[in-house]
Amino acid sequence: MDGIVGVMMFFLDQKRLQEGIKELNLSASDKQLQMLDKYSELLFKWNKTYNLTAITDKDDVLTHHILDSLSVVNVFKNYLAPNGSMLDVGSGGGLPAIPIAIMLPNCKVSMVETVGKKAAFLRQVTLNLKLTNVQVFHERVENLNHPPFDVISSRAFSSLKNFIDLSKHLLKEDGYWLALKGQKPEAELKEIKNVVSIIVQEVKVPFLNENRNIVIVKNE
């Protein structure tokens, strides 16, 4: 990092953050590292009042939130054109949407969140980090009226079937749903009908010994 960044005070352990990014075969500029750090700090501070996440330890913010989100960036890149659009459903504190927006600045990242205080946090983050590629909707996904997206994502939003049923009107033909899960959701997978294909890809998160999978469903 350059001299200016080197003397800054950081919220996250920068050595572990950069090691994790390298392990994930990603690269981040000084600006992106600063943005990831600032976002983590905002998430940690707002969580004390707004209950955005169950994570209350700084080290866990790095592993369970930031690196967990970054671990799927290369998967998303496979299904998003450089200027593609994605919608994250039930975004909560902005995971994985905010880290993805930081790492893929040319992609248009939208988030829909029904809880007012969480939507307010997402808007504050967007303003604070000057994320010009992000928009936030305070709305139920089934009521959202918007041109269709290339990719629709979720992280711990609901069952796969419910996620697909509620958002189908917002996905382009030949678009993809990307659902972040812990254990491989065998029972949920059996409920999915009338789609072209389903792929379950295991994801490894640096410094985190927990099961992570991403379910990739292609639209009809």
Side-chain angles (χ1 to χ4, degrees), residues 5 8-21 24 26 28 31-73 76 86-105 109-141 152-158 163 178-183 203 205-214:
V5 176
M8 291 180 64
M9 295 296 293
F10 288 106
F11 176 79
L12 296 175
D13 183 327
Q14 291 296 294
K15 184 173 183 293
R16 278 167 61 85
L17 173 60
Q18 293 183 63
E19 286 176 357
I21 288 173
L24 292 169
L26 296 171
K31 181 180 178 181
Q32 288 170 317
L33 291 172
Q34 291 176 37
M35 292 170 78
L36 289 168
D37 191 80
K38 184 61 178 177
Y39 166 60
S40 302
E41 185 178 11
L42 289 168
L43 182 66
F44 189 78
K45 287 182 176 179
W46 278 58
N47 189 52
K48 295 175 182 178
T49 304
Y50 277 47
N51 193 29
L52 301 167
T53 168
I55 299 298
T56 58
D57 182 85
K58 284 176 61 173
D59 292 336
D60 287 344
V61 171
L62 172 61
T63 53
H64 290 68
H65 287 335
I66 301 305
L67 292 177
D68 187 80
S69 295
L70 295 181
S71 69
V72 300
V73 167
F76 275 72
M86 65 167 276
L87 173 69
D88 189 61
V89 179
S91 294
L95 301 155
I98 295 294
I100 289 174
I102 291 170
M103 298 300 289
L104 304 179
V109 178
S110 297
M111 294 176 281
V112 58
E113 172 56 51
T114 61
V115 179
K117 62 184 180 181
K118 294 180 179 179
F121 169 73
L122 295 174
R123 290 194 175 108
Q124 184 62 40
V125 168
T126 301
L127 289 170
N128 197 294
L129 299 184
K130 298 181 174 61
L131 288 169
T132 57
N133 61 326
V134 170
Q135 59 181 342
V136 179
F137 299 101
H138 177 209
E139 181 68 271
R140 297 184 67 86
V141 64
I152 300 181
S153 64
S154 72
R155 180 181 189 250
F157 168 65
S158 68
F163 166 51
L178 274 63
L180 282 64
K181 297 286 185 177
Q183 297 274 3
V203 177
V205 181
F207 315 121
L208 189 60
N209 187 25
E210 295 182 11
N211 290 316
R212 290 289 188 271
N213 288 275
I214 183 166

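Heads up: numbering here begins at 1 and tracks the sequence.
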Closest approach of V61 and F11, non-hydrogen atoms and distance? CG1-CE2, 4.4 Å
Is there side-chain contact between T63 and R16, with heavy atoms separated by less than 4.5 Å? yes
Drop me the distance from M111's CE to I100's CD1, to the nearest 0.5 angstrom. 10.5 Å
Crowded around K117 NZ? As in, over 12 foreign heavy atoms under 6.0 Å? yes
So how far is it from T126 OG1 to Q124 CD, rounded to the nearest 0.5 Å? 9.0 Å
For K15, side chain to side chain contact (heavy atoms under 4.5 Å, CB included) partners two or more places apart: D13, E19
What verdict does the side-chain contact (heavy atoms from CB on, under 4.5 Å) test give for M103 and L36, after you've listed the backbone C-alpha separation in whole Å, the side-chain angles of each residue and the deciding distance to 0.1 Å? CA-CA 9 Å; M103 298 300 289; L36 289 168; 4.2 Å; yes
Taking the cut-offs as 6.0 angstrom to the six-membered ring centre and 45 degrees off its axis, would you call K118 and Y50 a cation-pi pair? no
Walk me through it: do I98 and L131 pass the test side-chain contact (heavy atoms from CB on, under 4.5 Å)? CA-CA 9 Å; I98 295 294; L131 288 169; 4.1 Å; yes
Here the gap from W46 atom CH2 to L52 atom CG, rounded to the nearest 0.5 Å, amounts to 8.0 Å
Heavy-atom distance under 4.5 Å between the side chains of V73 and P99, does that happen here? no
Checking F157 now: which residues fulfil ring pair (Phe, Tyr, Trp, His ring centres under 6.0 Å) with it, not counting sequence neighbours? none
So which heavy atom on D88 is nearest to which on P96, and how close? OD1-CD, 3.7 Å
Atom CG in L62, atom CZ in F44: separation rounded to 0.5 Å? 12.5 Å
Testing L95, L180, I102 one by one against S69 for a side chain to side chain contact (heavy atoms under 4.5 Å, CB included), which residue passes? L95
Worked verdict on D68 versus R155 for side-chain contact (heavy atoms from CB on, under 4.5 Å): CA-CA 11 Å; D68 187 80; R155 180 181 189 250; 3.0 Å; yes
Closest heavy-atom pair, S71 versus V203, reported as atoms and distance to 0.1 Å, is OG-CG1, 3.2 Å
As an exercise, state the distance from CZ of R123 to NE2 of H138, rounded to the nearest 0.5 Å. 7.5 Å
L33 and Q18: side-chain contact (heavy atoms from CB on, under 4.5 Å), yes or no, with the steps? CA-CA 8 Å; L33 291 172; Q18 293 183 63; 3.9 Å; yes
Should we count CG of N209 as having more than 12 external heavy atoms under 6.0 Å? no
CD1 of I21 to CD of Q14: how many Å apart, nearest 0.5 Å? 8.0 Å
